[in-house]
Structures are given as C-alpha cells and as structure tokens.
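Each ligand, and each atom within it, is numbered from 1 in the order the structure gives. For the single chain, residues carry numbers from 1 onward in sequence order.
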Amino acid sequence: MQPASEHHSQGGARLPRHVAIVMDGNGRWAKRRFMPRIFGHKHGVDALVRVVQACADRGIEYLTVFAFSSENWKRPSDEVSGLMNLVLVAVSKYLAKLQKEGVRIHIVGDRTAVSERVRAAWQQVETATAHNRRITLSVAFNYGGRWDIVQACRRALALGLHPEELDEARLNQLMALSHAPDPDLFIRTGGEMRISNFLLWQAAYSELVFSDCLWPEFGEAELDAALQAYAARERRFGGVPDAAPQALRA
Ligand code: IPE
Ligand code: IPE
Ligand code: MG
C-alpha cells in the first residue's frame with residue numbers, strides 16, 4: 001500500500017487523488033425506458049467518457065471504474081456477449097478522443113477468459129495511451145477483489161518470495177492497481193450499498209459514497225455532490241482526530 005494520499009486544494013476544497021466508481025444501474029435505467037439492458041450499457045459508456053473528462057477537469061489524477069465483474073459471467077449469455085461487443089464499439093468510438101485528452105488507460109482484471117478480439121482491443125488501448133499523463137483511467141474488466149488478492153499471492157509464490165519477505169507493501173506491488181495510490185473516494189451508483197467484490201484490498205480506508213443515481217444519468221452534478229461529501233469527511237486511518245504527536249503530549 002502506498003501512504004495515505006495527500007489532499008490537495010482546489011477552490012479551497014479537499015480533492016481526492018484517486019476516485020473509484022462502481023458504475024451500477026444500467027439495466028434498471030434501460031428497463032424504465034422499456035429498452036433492453038444493453039441499451040443501458042451503451043449509455044453507460046457515454047456516461048463514463050463524460051465522467052473521465054469531468055474528473056480530469058477537476059484535477060483528479062486517478063479514476064478506477066468497475067466495468068465487468070468476475071461474477072458478471074452469470075448473466076444471460078446475450079447480455080455477456082453484448083457487453084463484450086460493446087468493448088470493441090467503445091474503443092473504436094472513443095479511443096481517439098480519450099487519447100487526445102491525455103487519458104492514460106490501464107485495464108485491470110483477468111484477461112485469460114476474454115476473447116482474442118477483446119484482448120487485442122485492450123492491448124491497443126494501453127499502447128495508444130501509454131504516454132498520456134493528465135489522468136490515469138483504470139478499467140476493471142473481468143475483475144474481482146478476491147481474484148486480485150489470489151493473483152498477487154500466486155505471483156509472490158512464482159517469484160519464490162520467502163514468507164518473511166512478504167509484507168503488505170510487497171504484496172501491494174503485485175496487485176492489479178500497483179500503479180495507483182489507494183482510492184480516497186469510493187462511489188457506487190444505482191442505490192445498492194455493497195462492494196460487490198470490487199477493490200477489497202485497496203479500499204481499506206476509502207471514503208464510501210452511495211448515490212441513488214443510475215449510472216447512465218451520472219454526470220458533473222452528481223460527481224460534484226460526491227466530491228463535496230468527501231471534502232466534508234474526516235479521515236482518521238485508525239488514529240485520533242487532530243492528535244498531537246506522542247512526544248508533544250504531556
Ligand atoms: C452495471 O449495471 C453494469 C454492469 C454490471 C456491467 P447493471 O447491469 O448491474 O444494472 P442494474 O443493477 O441491473 O440496474
Ligand atoms: C457490480 O455491479 C459490478 C459492476 C458494476 C461492473 P453488479 O450489478 O454486478 O453487482 P450486484 O450483483 O448488484 O452485487
Ligand atoms: Mg447492477
């Protein structure tokens with residue numbers, strides 16, 4: 001784990017360095033419009049592109065989004081194949097725009113289970129944006145928090161690490177989000193108040209914000225509301241509020 005993020009000031013407010021989002025509610029949004037679930041997912045991609053832009057504009061350095069969970073394979077096969085196809089559509093529609101805006105993209109998750117075409121698209125996205133520095137977008141796809149912990153342990157074993165060599169910092173270096181500090185703010189849209197196997201390790205001290213907004217409708221106003229809620233939180237990391245260092249106390 002990297003040390004707790006420093007807050008930096010923008011317009012006087014404390015701004016998170018790293019925001020993580022469970023983009024939930026696409027299916028219900030579509031259902032309300034008497035449309036198939038995939039229609040909601042398509043609009044969800046548009047919402048994501050808007051939110052990436054809004055985060056970059058506000059000076060957020062890292063955005064990590066949950067796009068497809070290890071458990072989402074349980075969905076009807078037409079929805080799963082629709083989502084896989086949407087990856088290809090989204091890349092051809094938006095890669096040039098994101099590239100131009102200075103977005104660096106990492107894909108995190110188990111790639112072994114996805115098709116060769118999707119793997120190639122991920123590779124293309126990562127290569128094309130590797131030199132961008134304005135904001136780092138990590139897209140969690142076929143990702144699960146438990147998968148991440150297990151894959152990191154496997155890598156530790158494969159490296160032949162001795163038990164004494166493995167500590168929290170070393171294991172963190174082997175986790176899928178080792179390129180980013182821990183998320184400061186964890187948002188879930190769609191009204192459910194659960195983690196659903198997202199960043200189990202990294203979200204140990206994230207501030208949680210739940211929004212009833214369905215993901216396709218999430219925009220600047222909802223982002224700003226979450227940022228405002230975050231700015232009002234007191235982060236303690238297990239300590240005592242406003243405590244003077246031990247030596248200074250009587
Ligand atoms: C989240 O929206 C997107 C994915 C899981 C791919 P859902 O599809 O879960 O939408 P709801 O929760 O059914 O409304
Ligand atoms: C979490 O949403 C996964 C993504 C947003 C990609 P789900 O809709 O799959 O979560 P549950 O099933 O409500 O817990
Ligand atoms: Mg859902």
Considering the heavy atoms of Ala67, write down every atom of ligand 1 situated less than 4.0 Å from one of them. 6 (C)
Under 4.0 Å between a Lys/Arg side-chain N and an Asp/Glu carboxylate O for [X] and [Y]?
{"X": "Asp46", "Y": "Lys93", "result": "yes"}
{"X": "Arg14", "Y": "Asp184", "result": "no"}
{"X": "Arg33", "Y": "Glu217", "result": "yes"}

So which protein heavy atom does atom 1 (C) of ligand 1 come closest to, and at what separation? Met23 O, 3.0 Å
Protein heavy atom at shortest distance from atom 10 (O) of ligand 1: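 Scanning the protein heavy atoms, the shortest distance from atom 10 (O) of ligand 1 goes to Gly27 N, 2.9 Å.
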Under 4.0 angstrom from ligand 1, any heavy atom of Gly190?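 Judged by the 4.0 Å heavy-atom criterion, Gly190 does not count as contacting ligand 1.
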When you compare ligand 2 with Glu192, is there at least one nitrogen or oxygen pair between them that comes in under 3.5 angstrom?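 No - when backbone and side-chain N and O of Glu192 are compared with those of ligand 2, no distance drops under 3.5 Å.
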Please check whether Ser69 reaches ligand 2 - meaning an N/O of the residue sits under 3.5 Å from an N/O of the ligand, judged on distance alone. no
Just wondering, is there an N, O or S atom on Asp24 that's nearer than 2.8 Å to the Mg ion (ligand 3)? yes
Please say which of Leu63, Val65, Thr64 ends up in a side chain to side chain contact (heavy atoms under 4.5 Å, CB included) with Val19.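 Considering Leu63, Val65, Thr64, a side chain to side chain contact (heavy atoms under 4.5 Å, CB included) with Val19 is found only for Leu63.
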Mode of Leu214 contact toward ligand 1 - side chain, backbone, both, neither (heavy atoms, under 4.0 Å):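 Neither; nothing of Leu214 gets under 4.0 Å from ligand 1.
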Can you check which of Arg28, Arg37, Glu79 brings a heavy atom nearest to atom 13 (O) of ligand 1?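 It is Arg37 that holds the nearest heavy atom.
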